[in-house]
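Remarks on the structure that follows.
Lettering of chains follows the sequences in order, A, B, ..., and the numbering in each one begins at 1.
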Number of protein chains: 2
Amino acid sequence: MESLAALADLPQLDRRTLTDTAYAALADLLASGRLAPGDKLSLRRSAAAFGVSVMPVREAVSRLVAEGVLEVAPARIIRVPIMGAEAFWCLAETRIAVEGFAAARAADRRTEAELDTIRQVETAFRAEAESREPDRIRAVQLNRDLHFAIYGACGLPPLLEIIGRLWLKAGPVINLDLRACPERLHQGFALKRHAEARAAIEARDGPAAAAAIAADIRAAADFILSRGTLREEHGKD
Amino acid sequence: MESLAALADLPQLDRRTLTDTAYAALADLLASGRLAPGDKLSLRRSAAAFGVSVMPVREAVSRLVAEGVLEVAPARIIRVPIMGAEAFWCLAETRIAVEGFAAARAADRRTEAELDTIRQVETAFRAEAESREPDRIRAVQLNRDLHFAIYGACGLPPLLEIIGRLWLKAGPVINLDLRACPERLHQGFALKRHAEARAAIEARDGPAAAAAIAADIRAAADFILSRGTLREEHGKD
DNA sequence: GCTCGGGCGCTGTGATCACAGATCACTAGC
DNA sequence: GCTAGTGATCTGTGATCACAGCGCCCGAGC
C-alpha cells in the first residue's frame, strides 16, 4: 500500500441513490406540511417533477407507505392519509410516551456539548418566535431542530428513528393547521414548554424534561383538535 | 342497485400485492430467526425462490432496508445487519421503554375479552415450555403471540407498529441464540415474568406490568450478551 | 512462490414496457 | 330528462432489459 495518508479522511463520497434522494425530498415535503392530508400523489407526475423515471419515486413512496406516512387508497391512488381526531390523538399519545422518555433520558445523559446545542437552538427559536414578523417556515424548522437536538442526546439511535417516523406521520396534520392560523397563542405555549425542557435538561431532571415535552405535544394536539378541522372516523373522505 | 344483501358482508377480498406477500414472507423469516445476522440476500435468487420477478422482492427488501431490518453493505450486498453488543443493548433499552409503556397502558385499559386472550396464550406458552420436549418453533411463536396479545390491549395502533418493527430488528439476534442453546434457564425466567405480567394486567396494575415486561426483555438481553456471541463494534465483520 | 492484473459473473440500481383495474365523460336508449 | 353503458385515459403493479460497480478466480510475470 502506498502512502494513503491523504486518502484517510476522504469524506466517504456519499453513495446516495436516486431512491434515497426521492425519499428525502418527499419526507421534507411531508415534514414541512407542503403536502397536506388528502393530497394525492402520482408516481409518473412526481417522477417527471423530479426529473427521473418512476422507479426511484416508486420505491420511495413504497417505503413511505410501509411506514404509514402515505397510503394507497382502494382506487389505487396514493395520498397522504386523512387522520380522524381519534387517530390523531392516538398518535399524540404515542408521541408523548416515546418523546417524553427520550427527553427524560436526554436529561440524564446529555453532555455539555449537547446542552450547548440545545441552548443555541432554543435561543434561535425564541428569537424567531418573538420577532415582529416571525418566519413560519423557519420557526417550524427551528422547532423541529430543537426537539431533535434534545432527543439526540438520549443516546438511543433506534429511538431516534422511531421519533423521526412519528414526526413524519404527524407533520402534515400539524403544519397544515399551523399554516393557516394566528398561532400566536400556540407559539407562546411552545416557548414556555421549551424553556422548561431546557431548564430540566440543564438540571438533569428527567421527569421534568419528560413533563415539559409531554405538555408541549399535548398543547399542540389540543390546539389542533380544538379547531375541529379533523373529521371523526366515518367512512371515506 | 339491486338486492346486495348478499354482497354486504363479502370479506372485502384482500388486495394483497406480490410485494406485500414477499414482505410478509421475509418478515416471517426474520422474526423466526431463519435468517441470521450476517446472512446475505440476493434479489434475483430470492425472487426465483418465491417464484416471482425481482420487482416485488426488490420493493419488499427496500422497505426492510428503510426500516433498518436489513442493510445494504458497501459492496452492494444485502444482508441482515450484524449488531454489536452496544447496538443490541440500545435496542433492548428502547424496547424496555416502549414495550413497558405499552404493557402499562394495556393493564389500565384491557377489556375482559383481551384479558381472556392473554390468559389463554400464557397458558399455552406455559404448557409448551413445561412439556417434556418443548417445540422451540412453537414456543417462539407463542412467546410472540403473548407479547402482542398484551400490547394489543394498549389501544394505540401507532405504538403497535413501532413494536412490530422493533421485534423485526431484534428477531434475528434473539432467535439465533435461542436456536442453539440449552435455553432451559431462559424459559424458566420467561415463565416467571409472563406470569407476573398477566397478574399485573389482571389487577390493572400498570407499573407492575411494565416492570414484568422490562424484566423479561432485560433477562433475554442479558442472557444473549452473556453468551458473548455479539461482536463489539470494530470495523466490519 | 508470491503477487499483480484482467476477465468473468454476480450484484443492486434505473429505465422502459405491458397490463389490469378504476375513474370520468360522453353518448345512446328508455 | 335521466339512466346505464362504453370507451379513453389515467392509476399502480409486475416483468424485462440495460448498465455500472465490485468480488472472485485464474494465469502470467517477477
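- Using a 4.5 Å heavy-atom cutoff, the side chains of A/D20 and A/R63 are in contact.
- Considering only side-chain N and O atoms, B/S53 lies nowhere under 4.0 angstrom from the phosphate OP1 or OP2 of D/dG14.
- Here D/dC19 presents its C1' atom at 9 Å from CZ of B/R76, a figure rounded to the nearest Å.
- Atom pair B/R58:CZ and C/dG14:P shows a separation of 8 Å (rounding to whole Å applied).
- The CD-C1' distance, from B/E59 to C/dT13, rounds to 13 Å in whole Å.
- Within the nucleic acid shown, A/V61 has no heavy atom closer than 4.0 Å to any nucleic acid atom.
- Mapping A/V52 and B/L41 onto DNA chain C by nearest heavy atom places B/L41 closer to the 5' end of the strand.
- Per the geometry, CZ belonging to B/R79 stands 21 Å off P belonging to C/dC10, to the nearest Å.
- Residue-level contact check: A/I77 touches neither bases nor backbone, having no heavy atom under 4.0 Å from any strand.
- Between A/L160 and A/F148, some side-chain heavy-atom pair lies under the 4.5 Å cut-off.
- A/M55 has its CE atom 15 Å from the P atom of D/dT16, to the nearest Å.
- For the pair A/F50 CZ and C/dA15 P, the interatomic distance rounds to 13 Å; values are reported in whole Å.
- What separates CG of B/L18 from C1' of D/dG14 is a distance of 7 Å, to the nearest Å.
- Looking at heavy-atom distances under 4.0 Å, B/V72 makes no contact with the nucleic acid at all.
- Under 4.0 angstrom from either OP1 or OP2 of D/dT13 there lies no side-chain N or O belonging to B/T19.
- Within the 4.5 Å cutoff, the side chain of B/V72 has no heavy atoms near those of the B/I77 side chain.
- For B/P56 and A/R44, each mapped to the nucleotide of DNA chain D holding its nearest heavy atom, the one lying further toward the 5' end belongs to A/R44.
- The main-chain N or O of B/C154 is found under 3.5 Å from a side-chain atom of B/R105 such that the two form a donor-acceptor pair.
- Ring pair B/H147/B/Y151 is tilted by interplanar angle, where 30° to 60° counts as tilted.
- Atom CG in B/L43 sits about 15 Å away from atom C1' in D/dT16, given to the nearest Å.
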